[in-house]
**Student:** 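Questions regarding the structure given below will be posed in turn.
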Amino acid sequence: MPLKILHTADNHIGLSFAKYPDEIRERLVEERFLALERLVETANEQKVHFFVIAGDLFDKQTVAKKLIKRAVSILAKFEGDSVLVLAGNHDYYEGSDNKLWQTFTSEAEGTCVIPLLKQETKEFDSDAGRICFYACPCPSKHSSDHMIGWTVDKDKAEDTVHIGIAHGNVEGFGLDSDNRYFNMSETDFQNSGLDSWLLGHIHVPFPKSGTTGNPSFFMPGIHTPDSIKCTHPGYAWLIEISESKAFKYEPLTPGAVRFVRINDSLTDSDDVQKLRLRCEEFDLQNTVLNFQLEGRLDEEGKKAFKDLCTQLSNECLHFSDDSIIATVLDAAAISAKYPDGTIPNSLLLDLLNEEEHPEDAQIALEIMESINAQ
Amino acid sequence: MKLKHIQLHPFGGVADRSFTFLDGLNVIEGPNEFGKSTLSNALWHVLFTQSKLTPSKLKKVMGRWLPKPSGDHVQVSLQFEADGESWTLNKSWGARAESSLEKSGGQSIVDPSTVQEKLFELLQRNEATWQHVLFVNQAELTRTVHALQENANQIENIQPFVLGAASIPGDISADDLQDAIDEKISDHYGRWDLDSDGPQKGRGIGNPWSVGVGPLLSAYYKQETVQAEYHKVIAHEKQVDSLNSQIRQVQEQLEEGREFVETGQELRNGLAQRGSLEEKEKGFEKELKLLKKVMMDWPGAAKIIESKEGEYNDVSKSLKTIERELEIAEQLKAAENLKKGYKRILDSKEQLKAASERLAKSNSIPADLLSELKNLEHKIKELQIKLEAQKLNASIESQQPKQVTITRGGEAAEEISLNAGENWTATADGKVTFAFDDLSIRVESGNSDVNQLLDDLQSAKDRQQEILRALKVDNINAAVAADELYKKAFAEEHRLKGLYQAALHDRSEEEWKSKIAELDALPQTRSIEALKDERSAAFQKEARLKAEIQQEKDNIEGWTKEYKSPDSLTDTIINTTAEHKVTLSKLEKLPSLPEGFNSVPEYFDKLDRKAASQRQMQERLGAFSIELAELSGASPEKTAEDLREELDFQERAFQKRVNEGLALQRIKAKLETIVANRDEADPLANLESSIAAYFSKLTSNRYQDIRLDGTAPVEVIGQHSFETDLLSQGTAGSLALATRLAMAELYLDEMDGFLILDDPFTDMDPVRRKAAHICLGKFSENHQVILFTCHPEHAEEILKLTNASRPEMDNKPHLGTASTETPDSETPEVDTGRLF
């Protein structure tokens with residue numbers, strides 16, 4: 001029987017989504033718990049032995065107690081051996097006075113949920129074999145040094161699966177130009193002598209492809225999208241380790257909400273129609289959709305675009321439009337509005353010829369239209 | 001819009017009155033109480049005042065038209081034609097406030113706002129245009145020019161109208177466009193300093209502008225605010241990171257020392273006992289060592305003293321022998337010196353003897369004879385000098401060889417042989433004598449007695465020879481030398497006598513001989529130096545032995561005092577050894593000292609220092625935790641990641657505003673170029689010519705042209721040209737009417753509309769008034785005009801000169817004496833301040 005691990009991270013419970021309207025905000029806050037619940041349910045269905053959260057279960061140190069309690073109560077429903085919860089850089093553990101982890105530890109007492117707050121090994125004899133976890137929690141939000149070095153000198157029995165749990169950036173994978181996020185490298189993983197590492201921090205999954213092999217590390221990515229920057233549906237890993245320490249892994253997608261930003265360019269009504277079709281492919285009721293479109297449309301195209309925006313406002317979980325769509329301006333359109341010989345006509349046509357600043361004609365037109373509106 | 005019929009029921013002092021208007025010029029003439037002002041106000045309010053008013057506005061706007069004393073509403077009904085349709089408008093204000101507008105055969109609009117919107121649509125010109133151009137009261141006619149200037153911003157743009165057929169709907173004049181762009185730029189850069197490219201007066205978000213802030217500065221403030229917040233959050237995060245790092249370090253240090261301190265506390269009691277026992281054990285060990293040594297030394301001490309005392313005595317004897325030998329050695333050394341002294345005596349004696357012999361052989365020159373010799377020598381030299389002073393030059397020559405004896409001065413005669421013809425010359429002192437053959441020639445100096453001198457000289461020389469002979473010397477120099485030699489020998493003999501006496505040292509030579517003989521009899525010894533070295537070594541040995549003997553004696557005295565006897569000392573050793581064993585046994589049972597320490601105190605010292613350090617670190621940790629809690633409590637609501645995203649957005653927004661500003665400036669520059677390059681006719685020329693045409697008629701062609709500044713006339717041009725400010729009241733009135741008619745004509749062009757004039761010609765003389773009536777008649781051919789006048793003759797004249805008509809009036813009685821009807825003689829007033 002293979003040893004099964006469900007690996008998630010960066011759940012960021014406690015994210016406030018303050019910029020959204022109340023009803024959307026509540027939905028997004030709730031989604032973080034619901035997606036976690038779905039993961040626990042999947043883990044139970046799959047008879048997973050260990051449920052590992054590799055940091056940032058919580059978004060910040062000041063998460064409300066009731067949210068912590070709720071998170072623990074969800075995790076406590078896990079029916080496998082243990083839930084191992086590592087302190088990440090958002091929910092770091094600097095010492096015994098940490099209120100977040102005091103609450104968590106207190107709530108987890110008597111359950112299968114084990115906080116990993118110190119550099120230590122946790123060894124288990126599961127019915128699928130012996131496994132030793134190497135906990136490398138974050139003691140602060142930032143650090144130029146990673147926390148996994150201590151594992152190198154530990155004795156490692158051959159009949160045991162050795163899995164590190166850490167949180168931070170991985171060189172060449174995430175972005176950490178300032179070296180502030182516990183940056184680790186492939187060499188560090190190799191030097192550790194462990195069979196693999198379960199990591200958190202980067203919000204996209206790794207390995208990027210494949211289902212078997214012995215990756216030096218796994219990164220699950222965020223379990224359900226948290227912002228418009230997240231372009232995937234949210235992932236977690238279901239990992240199986242055979243007696244010969246061969247790995248088999250498959251991605252889980254527990255998220256139900258998507259964030260989508262479309263930043264195309266529109267040139268005519270056909271583009272608007274294509275945009276409509278593209279939007280209709282989304283599960284709009286569970287989609288936070290944002291347009292950052294640009295381009296120029298004629299009056300007909302603008303009306304179609306406006307109609308689409310109205311429709312999406314009604315159908316999406318949340319819709320926002322930050323597009324900058326100019327009106328198509330050409331000599332004919334200008335002359336239709338301002339006949340040849342008029343000052344507006346001359347000015348607009350001159351501006352239209354300014355290739356470096358095509359927006360100038362549009363701005364001038366708006367000024368003219370505001371004069372006429374008066 | 002063309003007015004057809006109006007009913008006031010009630011309005012002001014009018015209970016119910018109707019007027020029916022015709023096309024063209026309608027003249028309403030009546031006395032002051034007739035209600036012209038009421039009618040014109042009713043016309044204004046039904047067209048422009050909403051029926052739904054707040055109580056305070058009702059009181060302010062319509063209050064004066066509520067029937068007195070207790071009327072609670074006013075109502076006006078108006079029938080008109082517009083947009084090719086007939087319309088019926090009803091409005092009431094006050095208790096029964098309502099509005100309705102109904103197109104003939106159409107549905108009625110009753111919503112007050114919708115009614116008003118529709119009315120504005122049908123009126124086609126805005127309210128200000130109607131108020132300032134098309135409703136003209138008596139007083140305002142002459143203010144036409146000023147009124148147009150004052151309300152230029154409210155009145156509809158005249159540009160399209162003056163262009164007439166050339167006008168393009170929606171076209172914008174260069175001035176308007178420039179104004180709009182300037183306004184846009186001004187607004188965009190509100191409180192922005194283009195030179196410093198920042199807020200005016202450098203007022204950033206710490207002291208921001210609140211009024212007049214343009215979109216650019218607003219975006220800048222937003223960006224700066226987010227940036228400040230972002231930096232604050234970053235600083236906060238760094239502070240938290242730093243604190244966490246310190247906490248971590250302290251915790252690691254605590255962890256490092258924890259086991260040592262905890263183990264140490266457990267070992268403390270046992271090790272404390274070990275410490276004191278170890279000290280005790282060391283004491284026993286030391287004491288036993290001492291006791292054993294005493295035990296060893298005590299029995300042999302007496303023999304050592306005896307032995308050392310014997311040795312001491314030997315050394316003392318030896319020392320005395322050495323001293324005796326040294327004494328003789330020193331005497332022998334003195335004898336050698338004595339011999340040297342005796343030898344010096346003998347040497348001196350020999351030298352003295354030789355000196356005495358040299359003195360005896362010396363010639364003693366009597367001092368008187370030596371003195372006389374020196375005097376004679378002196379005298380001889382003086383006489384010789386005197387003779388030399390009487391020197392004679394002698395010369396002889398013989399013809400024949402001849403022997404001549406010549407005597408010169410006091411010298412001896414000399415023989416010379418002269419050859420024939422040979423000349424002989426010589427000198428002589430004082431006299432010379434030549435003798436030859438028998439002839440003797442004597443020549444003497446005639447200056448003194450030469451002979452005496454010669455005699456004296458000879459006498460002196462003789463005495464000199466006599467003394468020299470007596471002294472047995474050849475000359476005076478020899479006499480002087482003999483005298484000096486004698487004196488030297490005498491002095492030498494005297495000196496050596498002294499030395500001899502000194503060498504004797506008051507002893508006789510015999511005594512010297514006797515003493516030397518005595519010392520020569522002493523025995524021989526070693527050298528003084530060797531004897532002194534030996535004596536010194538003996539002294540040292542003697543002192544050492546003495547000290548050692550004393551030490552041994554002291555030891556015995558001390559041991560006796562301390563231990564009484566060697567037997568007693570043995571008992572003490574046995575007891576101490578037993579106690580030592582007990583102590584060692586106890587030590588074996590106590591915990592041993594951890595490795596790396598040489599003693600319990602050393603270990604305790606380190607343990608105490610570690611424990612103190614742990615306490616300090618614990619305190620520091622506590623302080624850090626409090627600080628961290630405070631920092632966490634003050635955690636910014638937004639995270640750095642959120643703010644970075646927001647900052648990116650605000651930076652983009654600000655940049656967008658910057659680009660907009662630049663775009664506006666480019667547009668402005670472009671427009672200026674276009675305007676500068678255009679050779680465009682004055683768009684107001686039509687208005688100018690239209691006013692000029694009316695004005696020419698009104699002044700009987702006295703002025704043919706005018707000049708406008710904007711839409712206001714500033715100069716009239718005819719045979720004489722005048723600035724408008726200098727015109728007479730009558731001419732100014734004519735110009736005002738011309739301007740009003742020309743502008744009304746432009747604004748009413750291609751639309752149904754009306755012009756209302758309230759006694760506009762009161763101040764004109766008959767000639768001007770007649771011309772004005774004719775012009776008005778001409779104007780009314782195309783537009784409906786309602787003219788109020790309280791002058792019957794004016795009404796009659798205009799009716800006569802034009803196609804004017806009097807409107808039909810359903811004349812119902814007034815409401816009563818409480819009417820607020822304004823007397824016709826007064827200027828009609830509307831408390832809104834906007835009508836007439």
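Reminder, nothing fancy here: chain letters follow the sequence lines and each chain counts from 1.
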**Student:** Pick from B:N126, B:D179, B:L628, B:T673: which one has the most heavy-atom pairs with chain A under 4.5 Å?
**Tutor:**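 The residue among B:N126, B:D179, B:L628, B:T673 with the greatest pair count is B:L628.
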**Student:** For A:E359, is it the side chain, the backbone, both, or neither that has a heavy atom closer than 4.5 Å to a heavy atom of chain B?
**Tutor:**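 It is the side chain, since no backbone atom gets that close.
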**Student:** Would you say NZ of B:K222 has more than 12 non-hydrogen atoms from neighbouring residues, nucleotides or ligands within 6.0 angstrom?
**Tutor:**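 Result for NZ/B:K222: open.
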**Student:** Pairing donors with acceptors under 3.5 angstrom, does anything connect the side chains of A:D56 and A:H167?
**Tutor:**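 There is such a pair (donor and acceptor under 3.5 Å, judged by atom type) between the side chains of A:D56 and A:H167.
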**Student:** Answer with side chain, backbone, both or neither: which region of B:K670 has an atom nearer than 4.5 Å to a non-hydrogen atom of chain A?
**Tutor:**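 Its backbone and side chain both get close to chain A.
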**Student:** Please confirm whether B:R657 makes a cation-pi placement over B:Y220, using NZ or CZ under 6.0 Å from the six-membered ring centre and within 45° of the ring normal.
**Tutor:**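 Geometry flag: not set, cation outside 6.0 Å or 45°.
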**Student:** Which one wins on heavy-atom pair count under 4.5 Å against chain A: B:K184, B:K656, B:R666?
**Tutor:**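 With the most close heavy-atom pairs to chain A, the winner is B:R666.
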**Student:** Check each atom of B:L664 against the heavy atoms of chain A and say whether the ones under 4.5 Å are side chain, backbone, both or neither.
**Tutor:**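 Side chain only.
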**Student:** Could you tell me whether B:E183 atom CD has more than 12 heavy atoms of other residues or ligands within 6.0 Å of it?
**Tutor:**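 No, because the 6.0 Å sphere around CD of B:E183 holds 12 heavy atoms or fewer from other groups.
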**Student:** Need one label for B:K638: side chain, backbone, both or neither, based on atoms under 4.5 Å from any heavy atom in chain A.
**Tutor:**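 Answer is neither: B:K638 stays 4.5 Å or more from chain A.
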**Student:** Salt-bridge test for A:K141 and B:D241: reply yes if a basic N is under 4.0 Å from a carboxylate O, no otherwise.
**Tutor:**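 Here A:K141 does not pair with B:D241 in a salt bridge, since their nearest N and O are not under 4.0 Å apart.
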**Student:** Between A:K60 and A:D91, does any side-chain N to carboxylate O distance fall below 4.0 Å?
**Tutor:**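 No, this pair does not count.
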**Student:** Less than 4.5 Å to any heavy atom of chain B: does that hold for the side chain of A:E369, its backbone, both, or neither?
**Tutor:**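 For A:E369, no heavy atom lies under 4.5 Å from chain B.
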**Student:** In terms of heavy-atom proximity below 4.5 Å to chain B, should A:I363 be classed as side chain, backbone, both, or neither?
**Tutor:**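 Both backbone and side chain.
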**Student:** Report which part of A:K99 has an atom under 4.5 Å of a heavy atom belonging to chain B: side chain, backbone, both, or neither.
**Tutor:**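 Neither part.
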**Student:** Using non-hydrogen atoms and a 4.5 Å limit, figure out which bit of B:I667 sits close to chain A: side chain, backbone, both or neither.
**Tutor:**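 B:I667 touches chain A through backbone and side-chain heavy atoms alike.
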**Student:** What part of A:S346 gets within 4.5 angstrom of chain B, counting heavy atoms only: side chain, backbone, both, or neither?
**Tutor:**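 Answer is both: backbone and side chain atoms of A:S346 are under 4.5 Å from chain B.
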**Student:** Suppose we call two aromatic rings close when their centres sit under 6.0 Å apart. Are A:H223 and A:H203 close by that rule?
**Tutor:**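 No: the rings miss the under 6.0 Å criterion.
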**Student:** Roughly how far, to the nearest 0.5 Å, is the NE2 atom of B:H188 from the OG atom of B:S218?
**Tutor:**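 Between atom OG of B:S218 and atom NE2 of B:H188 there are 10.5 Å.
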**Student:** Can you say whether B:L662 sits under 4.5 Å from chain A via the side chain, the backbone, both, or neither, judging by heavy atoms?
**Tutor:**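 The answer is neither part of B:L662.
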**Student:** Which pairs would a plain distance check flag for residues 617-626 of chain B, meaning a side-chain donor or acceptor within less than 3.5 Å of a matching protein atom at least two apart in sequence or in another chain?
**Tutor:**
unit_1 : atom_1 : unit_2 : atom_2 : d
B:S625 : OG     : A:D97  : OD2    : 2.6
B:S625 : OG     : B:L621 : O      : 2.9

**Student:** Of the backbone (N, CA, C, O) and the side chain (C-beta and beyond), which part of A:I371 lies under 4.5 Å from a heavy atom of chain B, both, or neither?
**Tutor:**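 For A:I371, the contact with chain B is made by the side chain alone.
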